[in-house]
Amino acid sequence: MELLSLLRGRTFRRGVEAPEYKELTAGQPIRRLPFAPRLVLPLDQHFGDPARALVRKGQEVVRGEPVAEAQGPRSVPIHAPVTGVVEDVELMPTARGPKSRAVILRTAPGDSQAVRWSRPCDPERLGTAELIEAVQRTGLVGQGGAAFPTHLKLSIPDGHAVDTLVVNGCECEPYLTTDHRIMLEQPALVLAGVRLAMQTVGAERTLIGVEDNKPDAIAALRGQIGADEPITVRAVKSKYPQGSEKMLIKTLLGREVPSGGLPFHVGVVVNNAGTLAQLGHLLPRGEGLIERVVTVSGPGVDRPGNYRVPIGTPLRAILEAVGYREDDPSRIILGGPMMGNTVASLDVPITKGVSGLLVMPQAAEEVVASSQPCIRCGRCLEACPVGLNPAELGRLAANRQYQAMEERFNLNDCFECGCCSYVCPSNIPLVQYFRIAKALNRERKS
Amino acid sequence: MTPPRIEIKSSPHIKRAGSVEQIMRTVVVALLPVCAFSVYHFGLSALALMATTTLACVLTEQLFNRLSGRGSTLGDYSTVITGLLLALTLPPGFPLWMAAVTGFVGVALGKALFGGLGFNPFNPALIGRAFAAAAFPQAISTWTEAGHPARFTELLPSTLTAPFTTPAPVDAYTAATPLGQWKFQGAELQAWELFTGMTPGSAGETSALLILLCGLFMVARGAMNWRIPAAILASAFLTAAAFYAADPGHFPTPWAVLFSGGLMLGAVFMASDMVGSPVTPAGVWLYGLLIGFLAIIIRFFGGQPEGVMYAILLGNAASPLIEQITQPRPYGKRKGRGA
């Protein structure tokens, strides 16, 4: 099966087949939750340079209006997700840590909360540079988790050419179904975004990769593609981490992004399906990114579903609206269970890159389980999608030979997907070791 | 409102079911039919031998655990595997006192001194077996007839030899193994008989068919890498076939080679021990091919009729080297760079 899929270009080598738990939310249409009374907008919620606040304490803002501007080219603005009043601009706890500067908005009660600020444009009349500027003005960042500014992704450095736009509709993380619902409910917006992105990067064709556990989404997308359009939807095998951009490029095109390189080095730009749907919606209207779809799920959630949530909504407001279990010790995870981060407080807000909010009560046996010596079973090598030797890396980490990990065993090629830790029968926290080793190596060099 | 007790952990937040205990327990379960068949063949003596080696191994491990101040490791079952495997490599009538010493040496020198499970470069059962071959050369080459009529009512005379004495051979019970007959008397090997197993030999090296079935069980339960026995058997078969093609009058048929002696037991249960085999996917193949080849060379040209034990020990020794030359190529790196 695996070999057949490999030969037909429908998967990559290794990886893991984990239970998906997507049935909890895959059939749930996207719904809106009531507006929270207070929103927190961290200025550093995207990759790159933080935004600079444009508002003062006590200032009234309307929904859609910029409250922070991009600070240079590697930054994006932030827009007000609600009509209301600026309560303050101060340090707040976020998913990144205890203190990030943030604009705090108090929602105006009883307001219709219609979008009241926009700068529409006609993208067809814009050149590449103008398009990239327009994308930056929307404040759009990658919706799949990395929160990488979209206008930077669409900027191809001089001397490089892109022939193919790859759309990532895999959504390989267990539990998450936001891209699934977006592709199913808004296929026209996804395709609008695809055409804009193709125009911006000058790609000749587009390949949309969707895991074969979402046949309805595949059909919906295909229904939106014109007969003469160079856009193809390809069903790929449901396997983690198929949605990692390097794995997807290998699967769809057979190309390998060189170690340490980026997709444009092999003529490719990858965008997440949810990001392109936002692009298709926001760019022509000249609006800012003020809300996103979040899958709220996990065994600790009473009414799992896919919810359209204003950016800045505290997790507590969401969980109180959908119901959650408070009795057990739980992990509150932003993102999916394989790569997502736990948060320390429910006051942390949803930010632009958060695709999932999971509540996972910890089973007693899981808390107790300690790690045992490596028995060299080799399962981690059979799981690592990059083709590293996690067993050896783990041994070196335990001996604190962090430099050897990097120099002899390619530590820096690890993108921390977690497959090794997932399969290890000795319960060794492999990827967790690797994160620490990378951080220590970075520190040593600086 | 009381907040939930929030746990902070680094991802991944889910884990595949399965543990070291489960893997080892599966191997024990897979060994039980082989043990039962051995008792059916060789009777009470084989049973007493298994009990003795297992007990010796377990007690040795516990002793070293106590000396080194660590908790009990009985829960991981790996020492039980060593005990049972050791018994299966010994002649059924092997004196029990020698078996106890052999078990002690296997676990003490082969495992505990290296740091316990996961750190032993060699298979501890084979370390014990190699020690016995050196220390008790006569007892370890005295074989008994399979299916002796009185096997369920009385022990073989050699079993209860007094400690620190060597048993006197009793001709009424002894028999040469098929490989020994071939090597020293020029007798022909019968592949089918060997496959089903009613022949003299070590307690566990008799039914190739049964061992294969137990191996399939382990593969199905994810407790064994099938590539190792596959590589060993393929390599042994091809090596033997080459010799047979060159001189069919002298060398046995490759099928007989495949099903005789300890090859099947070694390939399925010993070489496949994860700790002593390479961890790299390509290395596993190389390791198996090496062992299969060496086993046949030692059988055909060594001083002893059987060579599987030394072949596996050599394979274990070569593992780190094999691993070094078979590091996987990372995504995005060209061959020859990095590594």
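In what follows, chains are A, B, ... by sequence order, proteins preceding strands, each numbered from 1.
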Ring centre gap for A:Tyr175 and A:Tyr21 strictly below 6.0 Å: yes
Chain A contact via B:Thr280 - which portion, at a heavy-atom distance below 4.5 Å: both
Quick note, side-chain hydrogen bond (donor to acceptor under 3.5 Å, both in side chains) partners involving residues 381-396 of chain A, not counting sequence neighbours, are A:Asn389-B:Gln327, A:Glu392-A:Arg395
Do the numbers put A:Lys239 on top of the ring of A:Phe12, so that NZ or CZ is under 6.0 Å from the six-membered ring centre and no more than 45° off the axis? yes
Rounded to the nearest 0.5 Å, how far does CG of A:Asp347 lie from CG of A:Leu315? 8.5 Å
Please flag which part of A:Arg435 lies under 4.5 Å from any non-hydrogen atom of chain B: side chain, backbone, both or neither. side chain
Among the options A:Gly260, A:Gly340, A:Gly300, pick out the one with the most heavy-atom pairs lying under 4.5 Å from chain B. A:Gly340
Qualifying residues under side-chain hydrogen bond (donor to acceptor under 3.5 Å, both in side chains), relative to A:Thr94, sequence neighbours excluded: A:Ser100
Is it the side chain or the backbone of A:Cys377 that comes within 4.5 Å of chain B heavy atoms, both, or neither? both
Please state whether the side chain, the backbone, both or neither of A:Cys424 comes within less than 4.5 Å of a heavy atom of chain B. both
What part of A:Ala391 lies closer than 4.5 angstrom to a heavy atom of chain B: side chain, backbone, both or neither? side chain
Whatever's closer than 4.5 Å to a heavy atom in chain B on A:Leu388 counts as both
Between A:Val257, A:Asp413, A:Val423, A:Leu358, which residue shows the highest count of heavy-atom pairs closer than 4.5 Å to chain B? A:Val257
Can you tell me how far OG1 of B:Thr53 sits from CE of B:Met50, rounded to the nearest 0.5 angstrom? 8.0 Å
Could you look at A:Val343 and say if it's the side chain, the backbone, both or neither that has a heavy atom under 4.5 Å from chain B? backbone
Sort out for me which of A:Met360, A:Lys250, A:Glu416, A:Arg13 touches chain B most, counting heavy-atom pairs under 4.5 Å. A:Lys250
Taking side chain as everything from C-beta outward and backbone as N, CA, C, O, which of these in B:Ile23 sits under 4.5 Å from a heavy atom of chain A? Side chain, backbone, both or neither. side chain
Can you tell me which portion of A:Met338 sits under 4.5 Å from chain B's heavy atoms? Options are side chain, backbone, both or neither. both
Chain B contact via A:Pro429 - side chain, backbone, both or neither, heavy atoms under 4.5 Å: neither
Interface moiety of A:Val431 toward chain B, non-hydrogen atoms closer than 4.5 Å: side chain
